[in-house]
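Report on the structure given below.
Just the heavy atoms: all of them, side chains too, but no hydrogens, waters or symmetry mates, feed the values below.
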Amino acid sequence: MSEYIIETPKGKWEVVCGLEIHCQIISKSKIFSGASTNYGDEPNQNVAFLDAGMPGMLPTLNEQCVHQAVKTGLGLNAQINEYSEFARKNYFYADLPLGYQISQFTYPIVGEGSLEVELEDGSKKKIGIERLHIEQDSGKSIHDLEPTKSLIDLNRAGVGLMEIVTKPDFRAPEEAGAFLRKLRSLLRYLETCDGNMDEGSMRCDVNVSVRPLGSDELRTRCEMKNVNSVRFVMQAIEAEAKRHVEVYEKGGVIAQETRQYDPVANVTHTLRKKEFAHDYRYFPEPDLLPLVLETGFVEKIKSEMPEMPDVKKARFIKELGLTEYDARVICESKEVAEYFEEASHGADAKRVANWLIGDVFAVLNKNGLTIAQSPVSAKNLGKLVNLISKDVISGKIAKDVFEMMLENDADPEKIVAEKGLKQETDVAFIEQTIDALMAKHTAEVETYKSGRNNLLGFFVGQTLKATQGKANPAVVNKIVSEKLNK
């Protein structure tokens with residue numbers, strides 16, 4: 001298991017952390033209005049009267065948002081609550097025109113669940129899910145366009161959110177990072193949230209406290225709001241935990257408050273004293289009836305569930321012979337897993353995995369491309385692997401063919417035929433080439449026979465060079481060995 005202990009001359013401290021992740025629901029319209037959720041439109045183009053806080057406007061619940069929340073809950077192995085209620089969470093902020101947020105409080109749509117994560121040392125840890133509830137997002141305040149003004153964009157106001165609240169089960173930054181990556185992968189498999197933290201469609205609030213190592217107490221926690229990358233979440237946990245330790249060891253007291261993480265300075269700053277639930281004056285939303293799910297509604301969603309990443313990974317290991325590492329890397333992305341399955345259909349799956357994780361990923365990373373933008377299609381990668389498996393080309397020539405494939409996703413079979421790259425397996429031809437080389441290098445032959453066995457590689461290399469790499473290396477090695485050991 002991962003271990004993260006803060007050790008000082010005065011003692012050892014353990015981190016206790018929980019996360020609240022806000023995930024924007026994939027839906028064409030907002031959760032309580034018909035306005036578009038399209039990202040990147042001009043400011044204030046996608047705003048219904050309700051989103052703008054106009055008097056007398058009533059919310060209408062978007063069924064698709066409910067569907068997506070239930071689907072996510074099932075993916076988290078969580079309890080789906082057939083009865084849930086909406087509540088008003090009252091607070092004032094400039095980009096919240098209603099003066100309250102329609103959310104869920106006492107009765108959320110999804111209850112307790114869990115998600116198992118894999119850590120760098122190969123160990124696994126199950127992270128508890130406290131709840132998932134649905135709510136509307138606020139707008140966006142923009143402070144850097146006008147020197148003396150803050151601007152408001154309400155395009156995001158009213159967009160549906162799933163807030164996933166974990167139990168305080170994290171004991172190391174690494175665990176939180178692994179959880180967020182696993183959750184993002186799960187959401188993308190389910191197609192309920194795109195997980196793009198850089199666009200704000202997945203945002204994380206980080207709750208941190210510390211306690212003496214070995215203690216089971218839960219001390220005062222502080223919350224870092226809207227941390228927008230996995231790396232920053234991990235850094236924020238470490239920075240805030242160290243701050244707590246310093247305060248305690250100086251005899252101070254930690255105040256429960258909301259803070260902001262500054263990734264440049266790697267420190268946290270106070271935003272406001274932390275509100276308690278009663279500060280928000282929650283009360284049942286008067287304009288929405290309780291949400292009651294029919295059994296058939298949930299069962300239908302269960303029948304639509306895709307193969308989950310962990311199940312797919314286990315299948316790749318058992319049926320296709322992949323290593324644990326290869327399967328984990330490939331299954332992290334649904335699109336990569338689909339690419340791999342297509343490429344390995346009728347081809348050596350292990351070889352396909354090696355080419356995908358090695359050569360294909362290198363090209364994608366170098367050019368900033370996604371797997372959907374790969375210049376080599378899955379079908380043609382499978383063809384290339386088959387050419388190697390059938391000894392049509394050598395691994396060395398395959399590298400050259402791959403480079404040629406990058407132009408217009410060229411067919412490797414056509415490249416090999418047109419360029420005359422087919423591997424030479426004619427034993428008579430290979431023997432003639434080796435005989436000629438041995439006749440030319442009689443001194444090396446005698447040296448080998450006197451005990452310098454490493455010269456075997458010299459003759460193999462010279463033969464491959466003489467045949468421009470087309471001779472089958474395995475055949476060459478066998479014939480050279482036989483002739484030298486006569």
Side-chain angles (χ1 to χ4, degrees), residues 1-22 89 91 112 114-115 117 119-121 123-131 163-183 197 203-280:
M1 299 293 287
S2 65
E3 185 175 275
Y4 178 77
I5 305 299
I6 300 175
E7 186 171 358
T8 73
K10 295 184 178 181
K12 296 180 179 181
W13 298 81
E14 179 181 50
V15 175
V16 179
C17 176
L19 303 178
E20 299 171 17
I21 306 102
H22 295 82
K89 181 180 181 181
Y91 63 96
E112 293 190 354
S114 64
L115 190 64
V117 299
L119 304 172
E120 289 183 2
D121 63 1
S123 63
K124 297 180 180 180
K125 181 172 182 177
K126 186 171 287 188
I127 303 298
I129 305 296
E130 183 71 36
R131 58 186 276 152
E163 180 172 346
I164 299 169
V165 182
T166 76
K167 298 190 178 212
D169 288 347
F170 302 103
R171 298 293 177 268
E174 179 201 343
E175 295 175 1
F179 177 85
L180 285 172
R181 287 189 289 268
K182 184 71 171 284
L183 176 63
M197 298 186 80
R203 311 190 295 275
C204 187
D205 297 343
V206 186
N207 292 279
V208 174
S209 67
V210 299
R211 64 189 179 192
L213 184 63
S215 168
D216 60 359
E217 68 174 316
L218 293 177
R219 293 194 172 195
T220 303
R221 61 186 170 85
C222 291
E223 180 181 42
M224 274 73 67
K225 297 291 287 186
N226 293 330
V227 186
N228 64 357
S229 83
V230 174
R231 180 166 61 91
F232 289 164
V233 165
M234 296 170 67
Q235 291 175 354
I237 293 170
E238 187 170 1
E240 182 65 5
K242 288 179 178 177
R243 184 185 74 86
H244 283 223
V245 171
E246 289 176 5
V247 170
Y248 284 133
E249 292 194 340
K250 289 179 181 177
V253 176
I254 293 292
Q256 184 164 333
E257 60 186 3
T258 300
R259 300 178 68 85
Q260 184 177 42
Y261 174 65
D262 178 354
V264 176
N266 193 32
V267 296
T268 65
H269 302 288
T270 300
L271 281 177
R272 60 181 180 271
K273 295 299 179 183
K274 176 61 183 174
E275 303 91 343
F276 294 92
H278 60 259
D279 293 328
Y280 291 118

>> Please give me the minimum heavy-atom distance between L119 and E174, naming the atom from each residue.
In response: CB-OE2, 3.2 Å
> Any idea which heavy atoms bring M197 and S229 closest together, and the distance?
Replying inline: CE-N, 3.6 Å
>> Going by side-chain hydrogen bond (donor to acceptor under 3.5 Å, both in side chains), name the residues that satisfy it together with Y261, two or more places apart in sequence or in a different chain.
In response: Q235, N266
>> Run the side-chain hydrogen bond (donor to acceptor under 3.5 Å, both in side chains) test against R211 and tell me which residues pass, sequence neighbours left out.
In response: E14
>> Run H244 and R219 through side chain to side chain contact (heavy atoms under 4.5 Å, CB included) and show every step you take.
In response: CA-CA 10 Å; H244 283 223; R219 293 194 172 195; over 6 Å; no
>> What's the separation between atom CD in E130 and atom CD1 in I164, rounded to the nearest 0.5 Å?
In response: 13.5 Å
> How many angstroms lie between atom SG of C17 and atom CD of E238, to the nearest 0.5 angstrom?
Replying inline: 12.5 Å
Using a 4.5 Å cut-off on heavy atoms from C-beta on, say whether the side chain of [Y] contacts that of [X].
{"X": "I254", "Y": "R243", "answer": "yes"}
{"X": "Q260", "Y": "D262", "answer": "no"}
{"X": "C222", "Y": "V208", "answer": "no"}

> Around atom CD of E217, are there more than 12 heavy atoms of other residues, nucleotides or ligands at under 6.0 Å?
Replying inline: yes
>> Parallel, tilted or perpendicular: which one describes the rings of F179 and F170, with boundaries at 30° and 60°?
In response: perpendicular
